Amino acid sequence: MSAKTFSSSPCVGISSARAPRALPRLVTARSSSSSSSSKTTSPPRGNEAPTGGHASLKSSASLGTSKLAQSVASGLAGLSLGIAATLGAPAPSMATELDILAQQPANNKYVYDDANVLSRANVAGVVRELTQLQIDTGYHIDVVTLRKLVFTADPFEFADKVIEKWYPTVQEGDKHGVLLLVSTGKEGAIVGGPSFMKKVGDPIIEGIISENIPVLTQEEKFNEAISSSVKRIEAALKGEADTGGPSAVSKKRQRTYKTKEEASEKKDISVIVVSLLLFISFVVPMVQFFGYTAR
């Protein structure tokens with residue numbers, strides 16, 4: 001009876017025959033999807049290491065964190081180095097005076113060009129002159145150049161510190177002198193022991209400080225300022241006549257514009273000339289015309 005019933009309705013029989021075949025596939029798909037979702041969502045138990053997507057996400061997150069930490073650490077290290085360099089390292093201009101005072105003078109050294117304003121040729125020439133001067137007279141001159149005075153405002157005060165530091169006793173510094181030139185301030189000083197100062201004299205010192213150094217350094221002629229100053233000191237120590245210093249040449253600026261009076265005067269002359277030309281251009285033809293018509 002049941003067989004006939006299924007055969008009399010073919011549609012129902014087909015659906016009934018396919019249903020048992022399709023059910024296992026559906027069940028299998030659902031079971032596989034549920035098992036995969038359970039595997040994905042189930043948290044690790046105990047000390048089990050994460051697997052699959054969680055492991056890759058955690059490794060990438062840890063890698064990004066480590067890179068961020070490295071960049072932050074490098075940035076802090078650079079910042080600390082910059083602060084240390086700013087606070088700890090002294091500027092060259094601040095260390096200049098200390099470097100000069102810390103040097104040890106020598107009999108065969110005469111020029112201490114800390115400002116780097118002298119040429120090698122000029123330094124060699126000055127050294128030759130001062131070497132010969134020491135041989136002839138026994139006086140020793142040290143030439144010192146600085147870019148800027150930081151700790152001491154007065155050049156004479158710093159020059160006194162130099163000679164007191166280099167030659168502590170009166171016997172050591174009696175025949176020694178220091179010629180100082182400050183390139184930025186365009187000023188200088190001359191100091192020395194008792195014998196040196198007495199032999200050179202105040203007029204020569206005043207002439208070098210007020211003529212040679214300020215006039216020539218104003219024109220950036222530092223080599224000439226040192227060499228001319230040395231020559232004047234040398235002449236004084238040898239008892240020769242003073243060669244004199246350069247005179248300040250005042251450069252008067254000439255204006256390239258005209259004053260109001262000059263402009264108005266020139267304008268009046270132009271108006272007169274133009275008016276005269278216009279008068280001639282109109283009157284002369286009229287006079288000629290009346291002359292022709294009157295005949």
Side-chain angles (χ1 to χ4, degrees), residues 89-106 109-127 129-130 133 139-168 173 176-193 196-197 199-237 242-251:
S93 60
M94 295 179 66
T96 299
E97 299 167 63
L98 300 179
D99 289 342
I100 291 295
L101 293 174
Q103 293 192 33
Q104 296 295 329
K109 187 174 182 180
Y110 301 90
V111 179
Y112 302 84
D113 185 21
D114 194 79
N116 294 323
V117 294
L118 303 179
S119 63
R120 292 182 179 180
N122 187 57
V123 170
V126 170
V127 169
E129 289 184 14
L130 295 180
L133 175 65
Y139 289 97
H140 180 96
I141 302 174
D142 294 307
V143 178
V144 180
T145 65
L146 287 176
R147 190 181 67 86
K148 184 179 180 181
L149 290 175
V150 177
F151 300 105
T152 307
D154 187 16
F156 279 93
E157 183 179 352
F158 177 70
D160 286 333
K161 290 182 179 180
V162 172
I163 198 166
E164 290 174 2
K165 180 68 170 56
W166 288 0
Y167 312 103
H176 286 78
V178 174
L179 171 61
L180 173 66
L181 184 145
V182 184
S183 60
T184 303
K186 296 180 175 47
E187 54 187 353
I190 301 174
V191 297
F196 176 87
M197 297 297 289
K199 190 71 174 178
V200 174
D202 292 338
I204 300 298
I205 296 175
E206 182 65 28
I208 292 174
I209 299 305
S210 61
E211 296 172 357
N212 294 73
I213 292 179
V215 173
L216 294 174
T217 54
Q218 191 68 32
E219 301 176 1
E220 303 294 328
K221 297 180 180 179
F222 299 105
N223 291 291
E224 188 176 351
I226 291 296
S227 59
S228 61
S229 300
V230 167
K231 289 183 182 300
R232 295 187 71 175
I233 297 174
E234 180 182 2
L237 292 176
D242 183 23
T243 58
S247 58
V249 179
S250 60
K251 297 181 179 180

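A quick note: this is a predicted structure, and the numbers were derived from the prediction, not measured. In this chain, residues are counted from 1 in sequence order.
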Under 3.5 Å, which donor-acceptor pairs link side chains of residues 176-192 to any protein atom two or more places apart or in another chain?
residue	atom	partner	partner atom	Å
His176	ND1	Glu172	O	2.8
Ser183	OG	Leu146	O	3.4
Ser183	OG	Arg147	O	3.4
Thr184	OG1	Arg147	O	2.4

Does the side chain of Tyr139 come within less than 4.5 Å of Ile233's, by heavy atoms? no
Apply ring pair (Phe, Tyr, Trp, His ring centres under 6.0 Å) to Tyr110 and list each qualifying residue two or more places apart in sequence or on a separate chain. His140
Supply the atom-to-atom distance Ile213 CD1 to Leu216 CG, rounded to the nearest 0.5 angstrom. 9.0 Å
Sub-4.5 Å side-chain heavy-atom contact between Tyr112 and Thr145: no
Any side-chain donor paired with an acceptor under 3.5 Å for Ser228 and Asn212? yes
From Lys161 NZ over to Asp154 CG, what is the distance, rounded to the nearest 0.5 angstrom? 10.0 Å
Please identify which of these residues, Val200, Ile205, Ile208, Leu237, meets the side-chain contact (heavy atoms from CB on, under 4.5 Å) condition with Arg232. Ile208
Grab the two heavy atoms, one from Phe151 and one from Leu98, that are nearest each other, plus how far apart they are. CE1-CG, 4.1 Å
Hey, could you give me the CG/CG distance between Asn223 and Leu118, rounded to the nearest 0.5 Å? 5.0 Å
In Å and rounded to the nearest 0.5 Å, what is the CH2 to CG distance from Trp166 to Asp142? 5.0 Å
Using side-chain contact (heavy atoms from CB on, under 4.5 Å) as the criterion, point out the one residue from Ile226, Val123, Asn122, Val230 that pairs with Val111. Val123
Taking atom CG of Leu101 and atom CD of Glu164, what is their separation to the nearest 0.5 Å? 10.5 Å
To the nearest 0.5 angstrom, please state how far the CD atom of Glu234 sits from the CG atom of Leu133. 5.5 Å
Using the test side-chain hydrogen bond (donor to acceptor under 3.5 Å, both in side chains), find all partners of Lys231 that sit at least two apart in sequence or belong to another chain. Glu129
Show your working on side-chain contact (heavy atoms from CB on, under 4.5 Å) between Lys109 and Gln103 and close with a plain yes or no. CA-CA 11 Å; Lys109 187 174 182 180; Gln103 293 192 33; 3.6 Å; yes
